[in-house]
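Read through the structure below, which is laid out as structure tokens, and then see the notes.
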Amino acid sequence: MLSLHIDRKQKLVHLFLTTMCVFAVMLVCAASTSPLYPYYNNGDSAIFLLIGKGLTEGKVCYADLFDHKGPIHFLIEALGWRIAGRTGVWLLESLMTIACVFLAQEICKEIGSKSLLPLLAAGIVYLYLFGHGNLTEDYSMLPVLLCLYLSVRYYTSRLLKHPPVYAFVYGVCFGLLALSRVNNALVICTMSLCIMIHLIREKQFCNLLSNLAVGILGIVVVAAPVFVYFQAKGALYDMLYCTFLHNFFYAKSSSNVNVLKNLPNYMVLYAPSVFSVVAFCVKLKKEPAPLWRALLVSAIVCLLALLFTNSYAHYFILSIPLYVVAVAVLIPDVRQEWHRALRAKSWGYWIVLMITVAYFPCFLYSAGGPFYKGYVTDISYSRYETVQTCIQVIPEAERDSVIGYEIATSWYVDSGITPCYKYYSMQHWWTTEDNDVLGDFVHYVRSMHPKWVIAPKKMEQEDAVKQVLDAEYTLITEGDYGYYRYSGGGQ
């Protein structure tokens, strides 16, 4: 009884310390939503914050506010806003990160690792890649790690039949990621496919069919309410187009296969993925078990997917779950491996050390950026103050008729103004061969005459929006951008 009490006390202490550590790290590193950096609203995170806030105000994503991420992600953003605004989003992400840490620990235990090194090594890589947080890849880690844990547990338990409840979880998690950013479900798909092939080889056909049925049920449980909601709002096509079809054309026009020609420039980004492939190859050669085969296939598919896509750092978060397992496989006991490494018998230890050393300064630089802009200088606050000063020219009664042209989405977050049209930023960037966003925006300004247009201070003479502004709008003030008020049509 005394031993049981001590074990329980140790677990509670471990739980508390881990939770506090993650909160502290997220407070410093998740600058996009952290209360420590209230004026740091940049990049994709600003788009997500804007749409999440818009949903709480009754807007319908895609129909009223455009982006090409799935609705589940915006639901998380809106939930965070409901809880405590921008800080609520940070709180949700922090709680999900805590859950990810404990899941990663459980995965390591399942494969016999007694070391914290896999978590520390992967954590440093992750904290650099996640780009100050609040990106779809960050939130995807929880369902990916949950499915990875269940699949690893299935293999390590040597069950003849795969539990259908696991398949239901796979289905739910795939549904969540497919309706967020489907690329992030790659590990779930490959592990599920390997399990299906394993069941076929074991001639467990009835178990395979029951798992397929339950897995599909899991997808339906997630997808059905989403489809019903958007159908009721008259925006089902908009949701499907933005979540899937638009991304197809976006990827088609921007995927960078030329990264193969510049691979030396991306060695740091690809190192965890390559290491995972090598680690699972070595393990499979020593121990030809279905688990290592499935993990190897997943690592190879993950690496290939990253080779043939844009090389944005946060895309490489996809490799983190497998990297945790790969490090745990090659370094199950850090003390033992350290003695072997000193005798030059543990190549894995040295490679993990080199990857960690390479990523650590990148992580420090990334984490230091918001601190420098927010505390060493006043860059972040100056931008916010400029926006707040400039919007004073816009009467409160007219702030529901404001739209931006080629402005940073952070302007909306800093100003607290929700745009009156769905194409509110990056009109050139969002234009694809099947969706003339820029043309639709020009038509909207010409025909609907929003009272205010916020636009860059310098535009090309042939710019169609500039021509409309010159003809029908008056420049009221300039700060971060030009603030134009509608003056045509007798107003």
Sequence neighbours excluded, which residues qualify as salt bridge (charged side-chain N to carboxylate O under 4.0 Å, His left out) partners of Lys373?
none

Distance col, row Leu49:CG vs Asn41:CG, nearest 0.5 angstrom, shows 6.5 Å

Please check if the side chain of Thr431 supplies one atom and the backbone of Leu438 the other of a donor-acceptor pair under 3.5 Å.
yes

Would you please test Lys109 and Tyr149 for side chain to side chain contact (heavy atoms under 4.5 Å, CB included) and show each step?
CA-CA 10 Å; Lys109 289 179 184 177; Tyr149 167 69; over 6 Å; no

Over 60° means perpendicular and under 30° means parallel, so classify the ring planes of His246 and Phe66, tilted if in between.
perpendicular

If you round to the nearest 0.5 Å, how far is CE of Met239 from OH of Tyr229?
11.0 Å

Are the side chains of Cys108 and Val324 in touch, meaning some heavy atoms are under 4.5 Å apart?
yes

Judged by atom type as modelled, is there a donor-acceptor pair below 3.5 Å linking the side chain of Tyr359 to the main-chain atoms of Val268?
yes

Going by the angle between their ring planes, with limits at 30° and 60°, are Tyr312 and Tyr315 parallel, tilted or perpendicular?
perpendicular

His132 vs Tyr37, test: ring-ring contact (aromatic ring centres under 6.0 Å, His included). Steps then yes/no.
CA-CA 11 Å; His132 304 139; Tyr37 305 104; 8.3 Å; no

If you take all heavy atoms of Leu92 and Ile76, which pair is closest and at what distance?
CD1-O, 3.5 Å

Parallel, tilted or perpendicular for Trp90 and Phe23, by the 30°/60° rule?
tilted

Taking atom OH of Tyr323 as the centre, report whether more than 12 heavy atoms of other residues, nucleotides or ligands fall under 6.0 Å from it.
yes

Distance flag, aromatic centroids of Tyr412 and Tyr424, threshold under 6.0 Å
yes

If you compare all heavy atoms of Leu36 against all heavy atoms of Val28, which two are closest, and at what distance to 0.1 Å?
CD2-CA, 4.3 Å

Donor-acceptor pair, Ser45 side chain versus Asn42 backbone, under 3.5 Å?
no

Looking at Gln204 and Lys161, would you say the former's side chain and the latter's main chain have a donor-acceptor pair under 3.5 Å?
no

Any donor-acceptor N/O pair, Thr56 side chain to Ala78 backbone, under 3.5 Å
no

Does the side chain to side chain contact (heavy atoms under 4.5 Å, CB included) test come out yes or no for Asn211 and Asn207, once each step is laid out?
CA-CA 6 Å; Asn211 275 272; Asn207 184 239; 3.2 Å; yes

Atom pair CD (Gln427) and CG (Asp436), whose distance is rounded to the nearest 0.5 Å
11.5 Å

Evaluate Gln105 against His14 for side chain to side chain contact (heavy atoms under 4.5 Å, CB included), listing each step before the verdict.
CA-CA 12 Å; Gln105 287 180 337; His14 172 70; 3.2 Å; yes

Heavy-atom count check: over 12 atoms from other residues, nucleotides or ligands less than 6.0 Å from Arg293 CZ?
yes

Where do Val226 and Ile72 come nearest, in terms of heavy atoms and distance?
CG2-CD1, 4.1 Å

For the student: nearest non-hydrogen atoms of Val413 and Ala46, plus distance:
CG2-O, 3.6 Å

Does Leu240 offer a backbone N or O that forms a donor-acceptor pair with the side chain of Thr243 under 3.5 Å?
no

Hey, mind stepping through Tyr270 and Phe316 against ring-ring contact (aromatic ring centres under 6.0 Å, His included) and telling me if it holds?
CA-CA 8 Å; Tyr270 286 105; Phe316 288 79; 4.9 Å; yes

Tell me the closest heavy-atom pair linking Leu177 and Pro143, and the distance in Å.
CD2-CG, 3.6 Å

Main-chain N/O of Gly70 paired to Ser180 side chain as donor or acceptor, under 3.5 Å:
no

Applying salt bridge (charged side-chain N to carboxylate O under 4.0 Å, His left out), can you list everything that pairs with Arg383, at least two apart in sequence or on another chain?
Asp414

Can you check side chain to side chain contact (heavy atoms under 4.5 Å, CB included) on Leu15 and Phe102, steps first, answer last?
CA-CA 9 Å; Leu15 175 64; Phe102 287 114; 3.1 Å; yes

Test side chain to side chain donor-acceptor pair (under 3.5 Å) on Asn184 and Ser140; report intermediate values, then the result.
CA-CA 6 Å; Asn184 298 344; Ser140 297; 2.8 Å; yes

When you measure from the side chain of Arg86 to the backbone of Trp81, do you find a donor-acceptor pair of N or O atoms at a distance under 3.5 Å?
no

Closest approach of Leu284 to Ala289 (non-hydrogen atoms, all atoms of both residues)
CD1-O, 3.7 Å

Walk me through whether Phe371 and Tyr375 qualify under ring-ring contact (aromatic ring centres under 6.0 Å, His included).
CA-CA 6 Å; Phe371 183 83; Tyr375 291 95; 5.4 Å; yes

Point-to-point distance, once rounded to the nearest 0.5 Å, from OG of Ser273 to CG of Leu306:
5.0 Å

Enclosure of Phe205 CZ (heavy-atom neighbours >12, cutoff 6.0 Å)
yes

Rounded to the nearest 0.5 Å, what separation is found between the CD atom of Glu93 and the OG atom of Ser32?
8.0 Å

